[in-house]
Structure formats: C-alpha cells, structure tokens
Amino acid sequence: MSETTPGAAEAATEPFRYAAALAAEIESRWQDVWEKEGTFNAPNPAGALSDPAAGDVAAKPHSFIMDMFPYPSGAGLHVGHPLGYIATDVFARFQRMNGHNVLHTLGYDAFGLPAEQHAVATGQHPRITTDAAIANMRQQLRRLGLGHDPRRSISTIDPEYYRWTQWIFLQIFNSWYDQETAKARPIAELIAQFADGSRPTPDGRAWSELSAAERDELLGDFRLAYSKEVPVNWCPGLGTVLANEEVTADGRSERGNFPVFKSNLRQWMMRITAYSDRLIADLDLLDWPEAIKLQQRNWIGRSEGARVDFSVNGDAITVFTTRPDTLFGATYMVLAPEHALVDSIVPAAWPAETHEDWKGGAATPAEAVAAYRAEAAAKSDVERQVDAKIKTGVFTGAYATNPVSGEPVPVFIADYVLMGYGTGAIMAVPAHDHRDFAFARAFALPMRCVVQPTDGRSQDPHEWDDAFDTYDSVIVNSAHDSLSLNGLSVVEAKAAATEWLAARGIGEGTVNYRLRDWLFSRQRYWGEPFPIVYDEDGVMHALPESMLPVEVPEVEDYSPHTYDPYDSKSSPKTPLSRNEDWVNVELDLGDGVRPYRRETNTMPNWAGSCWYELRYIDPANGEKVVDPANEGYWLGPTDQKPGGGADLYVGGAEHAVLHLLYARFWHKVLHDLGHVSSVEPFHKLFNQGMITADVYRDERGFPVPAAEIEERDGKYFWQGEQVKREAGKMGKSLKNAVAPDSICDEYGADTLRLYEMSMGPLDVSRPWDTRAVVGSYRFLQRLWRNIVSEDTGELVVTEETPDEATLRALHKAIDGIRGDMAGLRFNTAVAKAIELNNFLVKRGSTPRVVAEQAVLLIAPLAPHIAEELWRRLGHTESLAFADYPVADPVYAVAESVICVVQIKGKVKARLEVAPSISDAELEALALADPAVVAAIGDAPVRKVIARAPKLVNIVTG
RNA sequence: GCGGCCUUGGUGGAAUGGCAGACACGCAAGCCUUAGAAGCUUGUGAGGGUUACCUCGUGAGGGUUCAAGUCCCUCAGGCCGCACCA
C-alpha cells in the first residue's frame with residue numbers, strides 16, 4: 001500500500017502541498033504544542049485543579065462534555081470507535097470558542113471479563129495486558145488531536161480510583177431506603193429507630209435482645225447493598241453469575257453467548273428497585289432520546305394492579321394481578337415451582353377423582369412436585385423459552401378458594417409463572433389471558449367468560465380458539481350478594497373489585513415492577529474487591545474508610561473457575577478464595593485485633609463506570625469523592641438542567657438499560673446522602689450511530705479480508721474466487737476493520753475527523769467507504785491552496801476589502817455552520833464550509849479577513865490545519881480560545897431571493913425579489929409576470945397564496 | 001406477541017409543510033502529464049425533445065392541504081428493544 005500512498009510520492013517533489021507528509025508534520029507539531037501548553041486543561045473553581053491565573057471561572061459559562069469511556073481492548077481501534085470521541089471533541093472545541101470553560105477528557109474502564117479472558121489466553125497478568133492496551137489506545141487516540149484534559153484521565157483499575165468505588169459501595173451498604181421520605185438515609189438512623197423502639201422489630205423483641213447475627217440479618221432486609229440467597233443467573237461457561245441486564249433475550253450470556261441457568265445462591269445485591277419510581281419520574285428532567293427513555297421505562301416496567309389473597313387450608317396465597325376485574329373468572333391458580341408455600345399446601349395423597357393428566361404420572365402430589373421441580377431446574381432459560389408454547393405443570397393436590405365466587409380452585413405449579421415477578425403466584429383467568437387459556441386447554445380446566453366478547457363470539461369459552469383479552473368492553477357473569485361488576489367497564493370494574501377486596505382485608509391496590517434488584521457480585525479476579533470481612537461467627541463487617549482501598553491481591557492463578565457450559569448443577573467458586581494469605585486477615589475493627597475472612601467476590605465491571613463523571617471533576621482529591629464546590633460547578637442543577645448532570649454525554653444505545661440505569665441509581669443514592677447536589681448524572685444524552693462496513697464471505701461463509709477484494713462488473717473477487725458481499729459491523733473477526741492509523745498515514749487526522757463527521761447524521765449508522773475519504777482530503781487541500789501557495793509555501797491571501805457577494809457567502813456560511821454545530825449536525829456544517837470554500841476557489845482569490853473567518857469556522861472539525869493556517873496568517877496564540885465567528889445579520893440574509901410562482905403547485909415562473917417584500921407586493925408582481933399571465937390564460941383565478949419572499953401559488957379553475 | 005425507529009439518484013446523504021436530490025463519493029468527457037497517479041475544469045435522477053423546454057419521480061396504496069419526502073391511515077420490507085411480566 002505504501003507505494004501508492006500519494007503523500008509519500010509527493011513529499012519529495014511538492015514540499016508545500018497539503019499532502020500526507022505535510023499534514024503529519026503539522027499534526028504532530030500541534031499535538032505537542034497543546035500537550036506542552038496544557039491548552040485543554042480546564043480550571044476548577046476549587047482544589048488542586050483550580051487556577052488563579054484563569055480568573056473567576058465561576059462567572060464563566062461552562063460545559064461538561066463526555067464520552068462513554070472506552071474499554072481498552074487489546075485488539076486496537078478501528079475507525080468506528082472514535083466516531084463519538086471526534087464528535088464530542090468538535091463540540092467541545094466549538095463551545096470553548098464560544099467562551100465556555102470546557103471539561104472534556106477521556107478515562108478507561110479497565111476492569112472486567114475481556115481483560116481477564118485475554119490475560120488467561122496469553123498467560124500475562126491482566127494488569128500488564130490492560131496497561132499495554134491503554135497505552136496503545138492513548139497512542140492511537142492522540143493522533144486524532146482530541147482536546148482532552150490529560151490530568152483528568154482516570155482509570156478504574158487505579159487503586160486511587162477504586163478506593164472511591166469501594167467507598168461508594170460502603171455508602172450504599174450503610175444506607176436504607178426510607179419509604180416515608182422516599183430517599184436513602186444512613187443505616188445508623190434505622191438502627192436508632194429499632195434501638196429506641198420507635199420502629200418495632202418484625203418479631204416484636206427488643207433490639208437489645210437480638211444477637212449480632214440476627215441484627216445483621218434484619219438490617220440486610222433494609223440495606224441498599226445486601227447479601228442474600230436469591231435465584232440468580234448462573235453461567236457455568238463463564239464461571240460467574242450475571243445481572244439480568246447481562247443476559248440476552250434468548251437466555252444466554254451477553255459475553256461469550258453461554259447458556260444461563262437459574263440457581264439459588266447467596267450473592268450481593270443492590271436494592272435498585274427502591275428507586276423504581278424515581279428512576280421513571282426523573283426521566284422527565286432529562287434531555288435524552290425518547291427511544292432510550294422508553295427503554296428505561298419498559299425495563300423498569302411499572303404496572304398497576306392489585307394484590308389478592310386466596311385462602312388454602314388456612315394459609316393465604318397472595319397473587320398479583322393487573323386484572324382484578326376478572327376475579328370471577330379465576331378458575332385455577334398457579335405457583336412458580338420455587339414458591340415457598342408449595343411444600344406446606346401439598347397433601348399426602350391425591351384428592352379423589354383427580355384428573356390423571358394433572359398428576360404428572362406420580363403416585364403422590366409430593367412426588368409429582370419434586371419431579372417437576374427437578375425438571376424445571378435443569379432447564380436453561382433458552383430451553384424454557386423454546387418450550388414457551390407448550391404449557392407444562394402439575395397439580396399440587398391442593399384447592400384454594402376464589403374470594404369472590406367462593407368456589408374451590410385447583411392450585412398448580414408451572415414454570416410459566418416466574419418466581420421473580422410479582423408474588424410468584426397467579427390467579428388464572430383462562431378466558432381472558434392467552435397463557436392461562438393455553439394451560440387450561442392442556443389440562444382440561446374450566447373457563448368462565450367474564451368480559452363480554454365484542455367480536456361476535458359466544459359467551460362459552462369452550463368454543464373459542466383463544467382468550468378474549470380486550471380492555472374495551474364490559475364485565476358479565478360477575479355478581480353475588482355483596483358485589484356486582486356486571487355492566488361496568490373494565491376500568492370501573494378494576495376499581496370496584498379492588499375496593500371490595502380492600503374493605504375485607506383480602507387485597508389492595510398495588511404497583512408492581514418488572515425491575516429486579518441488581519446482582520452485584522461476580523466470581524472474578526479482575527474486579528474491585530468488596531470492602532467487607534466476616535468474623536469468626538460469620539457476621540459481616542464493613543471495613544472503615546481508613547482501610548481503603550482493599551487492593552486486588554497479586555496472585556499466581558487469576559483464572560476463573562469455569563465449567564461445562566451445560567452443567568447446571570455446578571456452583572461458582574471465586575478466584576480470590578484460592579488465596580488463603582489474602583483471605584485470612586487480622587484486623588482491629590474497634591474491639592481489638594481479631595481474625596477475619598475477606599469477602600472473595602468482586603464487583604461487576606459496571607461499578608467503575610457508575611460514578612466516573614464525578615472523578616473527572618476532581619481526580620486528585622484525596623479527601624472526598626468530589627469537592628462539592630467542583631461538583632456543583634460542573635453538574636449542579638440550573639434552569640436549563642433541572643436535575644443537573646453533564647451537559648452532553650455521547651455514546652452507543654447499547655447501554656440504554658445497563659450502565660445508564662446503574663449510574664443514575666448510584667448518583668441518586670449519593671444525592672440522597674448529601675454527597676452531590678445533582679439528581680441526575682447526565683443531562684443530555686446523544687446516541688451516536690455505528691459505523692458499519694461491507695463483509696465479504698467465501699463459499700463456505702467465512703469472512704475474507706475486505707481490503708483484498710477486487711470488484712469487477714458489480715461482482716466481488718478474492719484471490720480470483722467470487723465472494724458474496726453483505727452489510728455488517730466493522731471488526732477484526734469479520735476481517736473488515738480499518739484502522740484510524742492507516743487513514744492518518746494516508747491523509748492525516750484532520751481528513752479522518754472531517755470524513756467521519758460528514759458521513760451522515762451522528763445518530764444513525766452509516767457504512768464506511770475508504771474510497772470516499774479522499775473527498776474530505778481534497779476539501780482541505782483546496783482550503784490550504786486558497787491561503788497558502790503550493791509552489792512556494794507563501795501566503796496568497798489578498799489584503800483587499802471583500803466585496804458584498806463574498807461577504808454574503810461568508811456570513812451565510814457562518815450563520816448556517818453555527819446553527820449546525822450547536823445542534824450537533826456536523827455533516828451539514830461540513831457541507832456549508834465546503835460551499836464557502838468552493839465559492840472562494842471560483843472567486844480566484846481570498847481576502848485575508850475572509851480566510852481568517854473560514855479558518856475559525858473549520859477549526860473545531862479540523863483543528864491542526866486550522867491552527868497552522870491561523871499561525872501562518874500571523875497569529876501567535878492558539879485559536880482554541882479565539883471567538884467563533886458570528887454572522888452579521890446584514891449579510892446573512894441574501895440581497896435578493898428567487899421567488900417561485902406556482903400555478904396549481906407547478907412552477908411556472910421565477911422572480912428575483914428583495915427579501916423584505918410583502919405578500920401583497922409579491923402577489924401583484926407575480927400576477928403581472930408575462931409568463932404567469934400566459935400560463936393562466938383564460939382560467940379564472942380562484943385563490944392566490946403568497947408566502948413572501950419565496951413563493952406564490954396561484955389556484956385557477 | 002408487544003413497543004419503538006427507518007425506507008429519497010449507481011453510493012453516503014441534504015431539504016422550518018413551499019423549486020426534491022445541498023455537499024461528497026463514483027462515473028463520463030476534457031485539461032495537465034512521456035505515461036500513470038495526484039490535481040484541475042465541466043457534466044451526471046429517469047424518460048422525451050435539435051434548442052427553448054416537457055413529462056415522470058422520495059418503498060406501495062389511500063387521505064388532509066392551495067401545496068406532502070415531510071402530517072394522518074392501511075400495507076410491504078428492514079433494523080432495534082422487550083418478551084410465559086400475570
């Protein structure tokens with residue numbers, strides 16, 4: 001490739017030409033200047049990063065512009081990765097030129113699975129491979145000329161960073177959610193309530209009578225971070241448990257694509273569910289894409305309904321339903337197989353006349369239940385979903401009583417009812433629910449129609465093909481002495497039924513959420529250790545702040561303990577537990593030196609990214625997670641940002657319910673506890689699209705190197721063989737990755753930046769086309785040529801006063817580009833800059849004042865060439881803080897506009913008119929135009945619409 | 001199944017309800033060059049006409065409007081999210 005590189009060939013013969021060699025020289029020189037002078041260091045109002053020389057920064061407008069920080073992969077970057085970084089950099093530079101104090105930096109999210117897997121594969125310690133990957137990435141990104149504040153570039157694996165991750169964990173651990181005030185409070189305040197009796201303990205004993213273990217257990221039910229045995233997603237192939245958000249729709253791990261099983265394990269959880277309502281409500285404060293807000297709302301899944309108690313042999317089974325109006329139609333019940341009440345309701349023998357199909361072939365109900373449970377537990381989530389259409393289950397042998405009809409209803413267990421949602425038990429209304437209908441058909445259960453069908457079917461469900469689940473109808477067959485729902489609409493009946501239940505103490509209106517608590521522990525080496533130890537009695541102790549950070553220990557063997565991916569009976573083992581020297585410690589936690597065992601789970605890789613925006617603000621603060629003065633300055637709420645948060649956050653939409661939900665949750669806890677003034681971490685969110693690339697596959701379907709494809713007559717060949725082309729992601733595995741370095745080598749970083757920004761709107765995916773990059777390169781060459789001679793390197797700008805046409809072209813460009821920049825419409829901003837430049841090319845010469853404005857206009861997009869031209873135009877200061885051009889309204893409006901005259905919507909004439917012309921004048925002018933008169937002919941004019949100054953439409957006939 | 005988004009020349013894309021196709025790639029012709037590459041100039045939605053110019057045209061069909069790529073409805077195709085969530 002190097003032989004055909006244009007820059008290399010030209011460098012020797014044309015030293016003054018803006019080609020690769022000159023671009024490379026300019027770019028590395030300016031990158032050095034920026035670094036040496038600390039051009040992009042943003043002063044804080046307080047602390048180590050404040051700068052007296054910067055004046056009163058508090059009085060300056062300021063912007064905090066962020067990227068979702070990268071995971072440093074060993075594979076290196078392709079051109080798709082920096083798209084967002086370039087976009088935020090362009091905007092950050094634009095805002096800086098608008099006088100803003102701009103905080104813009106980039107850190108590294110470096111704990112996590114891939115680094116560990118890479119380390120295991122190469123036999124190198126994860127810290128070594130991760131550091132190497134970060135160094136490589138810094139190198140690649142530096143070439144792009146990103147204006148970052150290097151002092152703020154944190155890394156999550158730095159002990160000085162994760163000591164604060166652990167500190168925040170302790171804040172969360174030492175808090176509980178007070179439903180009364182709807183906010184987190186220190187756990188000490190709850191203990192005080194128990195101690196002084198203002199809050200009774202569950203069993204009524206005094207707090208002082210409880211053992212340490214009992215107190216521990218009780219507080220665990222309140223803490224926002226707690227350890228508990230719960231059904232979790234166990235992934236034997238990875239050897240770790242996973243959060244719900246990390247499991248794909250088809251029941252596999254997002255990383256590695258291994259099957260995931262439900263397993264009851266003691267794990268760390270975060271009580272994110274306490275914040276369900278606030279996480280939904282505060283979305284209204286945010287300037288986020290509606291699609292992302294919707295995804296978060298759906299993920300939290302608020303649904304209003306009722307809890308209803310069904311009695312079984314004196315016990316009550318509580319169900320959650322969104323349709324209390326159909327209570328009369330509940331003809332059986334289903335519990336999740338894991339439901340705690342199952343064992344207590346199962347009778348010794350099958351009731352007389354039990355349907356054979358209900359028994360699952362077992363001699364007793366207990367055997368049937370045991371067999372079904374075993375079967376369900378062995379199923380992976382994948383299998384469970386594949387089998388979703390076929391309803392399975394067994395009868396428990398018990399009957400419950402329908403609270404409104406008083407009828408006995410059989411109680412089943414079935415895996416279509418999930419333990420994790422609602423109460424893990426349902427009332428089944430087969431006539432009006434598709435799943436219940438299918439189950440009832442399979443087990444020959446009775447059905448009752450209680451909602452009047454509106455599609456012509458009869459009221460006998462046994463004649464139906466499927467359930468009738470429309471809300472837009474009225475209730476029927478639903479009355480007894482004290483309650484009649486007949487004739488009520490669905491909405492009215494819901495309220496009436498709920499009220500009736502509440503009055504009798506057997507139910508109440510309630511809200512249920514799909515969101516579950518966040519599974520927060522992983523069986524990994526390469527993550528933050530928990531600042532938790534256990535004493536000899538197994539009682540948990542949080543370490544004091546003074547013992548932070550708990551460093552990741554150096555070990556011989558850091559590989560995870562993985563299993564056969566399908567071995568659902570396996571259970572997790574933590575790599576840290578192998579290291580007895582580290583696990584067993586002697587500490588003085590206030591009552592003398594005692595032996596303790598450390599917690600050996602580690603935090604998930606999301607932990608570090610849950611709060612990094614706070615550390616960007618105050619990276620060197622050793623006293624606090626962030627100085628309130630600095631937090632308030634950069635993130636504090638304002639009229640424009642009612643919840644506060646970073647001014648712009650750019651990243652991929654794939655984090656919609658992972659990182660973005662977790663980070664909002666942590667931020668709210670820190671807010672409640674008084675550590676931050678902002679309620680939300682990110683005010684404006686922008687999702688950039690993906691850069692896609694053609695994938696070429698051979699006959700066997702394997703990708704072949706895209707760079708080696710030859711195209712002939714619309715067909716594609718690799719090494720003489722015809723191959724197929726398809727659209728795909730860009731990446732190493734598809735052999736179509738293009739490295740930013742290769743584009744920089746061939747054209748320069750400014751060309752790459754410009755090309756990426758001009759490919760299309762930032763928020764949509766677009767295909768990479770290496771051939772098209774040359775267009776951006778040519779533009780920069782023409783810009784250069786308008787200002788500097790290619791033959792001599794001398795300035796060629798003229799000292800003339802620009803004529804009016806030139807001023808109009810300039811100010812029209814300024815006006816348009818300014819608006820486009822502010823709206824992140826960089827593609828059209830580039831187009832307008834090219835138009836201005838093309839105008840100057842045609843003009844034949846460039847007046848100095850116009851050249852300077854053009855250079856400033858393009859500076860955020862192509863900063864190196866702009867700095868160089870600015871310097872050559874005689875300026876000694878960097879243009880990073882020069883004022884961005886402002887359009888003069890006198891010239892931004894065209895002197896004359898072409899008005900189109902339409903007759904019945906078809907253009908018949910064009911008039912050149914002043915922009916200030918009135919509708920009436922324009923109408924008169926149009927009707928007098930000979931072409932218009934001719935076109936109208938004899939037809940009567942029925943109506944004339946004039947929209948000065950651009951359009952007149954004459955309606956005839 | 002539920003929810004959301006998208007569909008414009010050969011390609012990427014542009015168009016506050018007001019001249020569809022800005023800008024760029026590609027392609028074609030020309031200039032330059034020993035030749036190529038690079039660069040420069042001109043042209044480039046489709047069809048018709050010698051020119052002026054005419055007709056058609058934004059996935060398909062319908063509607064609202066003086067006027068629709070843009071707003072509404074139906075349908076098709078594609079993408080994304082959720083999914084046995086009671």
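Naming convention: chains lettered A, B, ... in sequence-line order (proteins, then strands); numbering from 1 in each chain. No experiment lies behind these values; they were computed from the predicted model shown.
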From CA spacing to verdict: side-chain contact (heavy atoms from CB on, under 4.5 Å), A:T751, A:F779: CA-CA 9 Å; A:T751 295; A:F779 161 55; over 6 Å; no
Worked verdict on A:D820 versus A:K832 for salt bridge (charged side-chain N to carboxylate O under 4.0 Å, His left out): CA-CA 9 Å; A:D820 287 346; A:K832 285 164 190 164; 2.8 Å; yes
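In this model, the phosphate group of B:rG39 is not approached by any side-chain N or O of A:R782 to a distance below 4.0 Å at OP1 or OP2. For A:R297, no side-chain nitrogen or oxygen approaches OP1 or OP2 of B:rC82 to under 4.0 Å. When the side-chain nitrogen and oxygen atoms of A:R778 are compared with OP1 and OP2 of B:rG39, one or more of them lie within a distance under 4.0 Å.
Residue A:E835 places its side chain closer to B:rC23 than to any other of B:rC23, B:rA86, B:rG4. Each of B:rA86, B:rA24, B:rU42 was ranked by its minimum atom distance to the side chain of A:I834; first place goes to B:rA24. Comparing atom distances between the A:W299 side chain and each of B:rA22, B:rG39, B:rA83 picks out B:rA83 as nearest. Here B:rG81 is the nucleotide among B:rC84, B:rC25, B:rG81 with the atom lying nearest to any side-chain atom of A:Q295. Residue A:L294 places its side chain closer to B:rG4 than to any other of B:rG39, B:rG4, B:rA86. Of the candidate nucleotides B:rA86, B:rG26, B:rC82, B:rA86 has the atom lying nearest to any side-chain atom of A:T321.
Put simply, the side chain of A:L783 does not reach to within 4.5 Å of the side chain of A:I834, judged on heavy atoms. Annotation: side chain of A:D436 is in contact with side chain of A:I426 (closest heavy-atom distance under 4.5 Å). A:V79 is not listed as a side-chain neighbour of A:Y755, based on a closest heavy-atom distance of 4.5 Å or more. Considering only heavy atoms from C-beta on, A:F439 comes within 4.5 Å of A:F412 through its side chain. Under the 4.5 Å side-chain criterion, counting only non-hydrogen atoms from C-beta, A:L445 is in contact with A:P410. Under the 4.5 Å side-chain criterion, counting only non-hydrogen atoms from C-beta, A:V773 is in contact with A:W768.
Only the C1' atoms considered, B:rA24 is 11 Å distant from B:rA14, to the nearest whole Å. Comparing B:rG4 with B:rG21, their P atoms sit 34 Å apart, to the nearest whole Å. Annotation: B:rU74 and B:rC25 have their C1' atoms spaced 38 Å apart (nearest Å). A gap of 10 Å separates the C1' atoms of B:rG77 and B:rA60, to the nearest Å. Comparing B:rG12 with B:rG63, their C1' atoms are spaced 33 Å from each other, to the whole Å. Separating the C1' atom of B:rC73 from that of B:rU64 is a span of 11 Å, rounded to the nearest Å. Comparing the C1' positions of B:rG62 and B:rU51 gives an interatomic distance of 41 Å, to the nearest angstrom.
Base contact: A:A831 has a heavy atom under 4.0 Å from a base atom. Across all strands shown, A:D436 has no heavy atoms under 4.0 Å from either base or sugar-phosphate atoms. Looking at heavy-atom distances under 4.0 Å, A:V308 makes no contact with the nucleic acid at all.
Aromatic ring centres of A:Y513 and A:Y421: separated by at least 6.0 Å.
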Pairing pattern in dot-bracket form [Watson-Crick, G-U; both distances under 3.5 Å; | = partner strand] for RNA chain B: (((((((..(((.....[....)))((((((.......))))))((((....))))..(((((..]....))))))))))))....
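Under the 4.0 Å criterion applied to side-chain N and carboxylate O atoms, A:R725 and A:D694 are assigned as salt-bridge partners.
In this entry the base of B:rG9 is syn relative to its sugar, with a glycosidic angle within 90° of 0.
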Under 4.0 Å protein heavy-atom contacts per nucleotide of nucleotides 13-21 of chain B, with B for base, S for backbone only and - for none: SSS--BB--
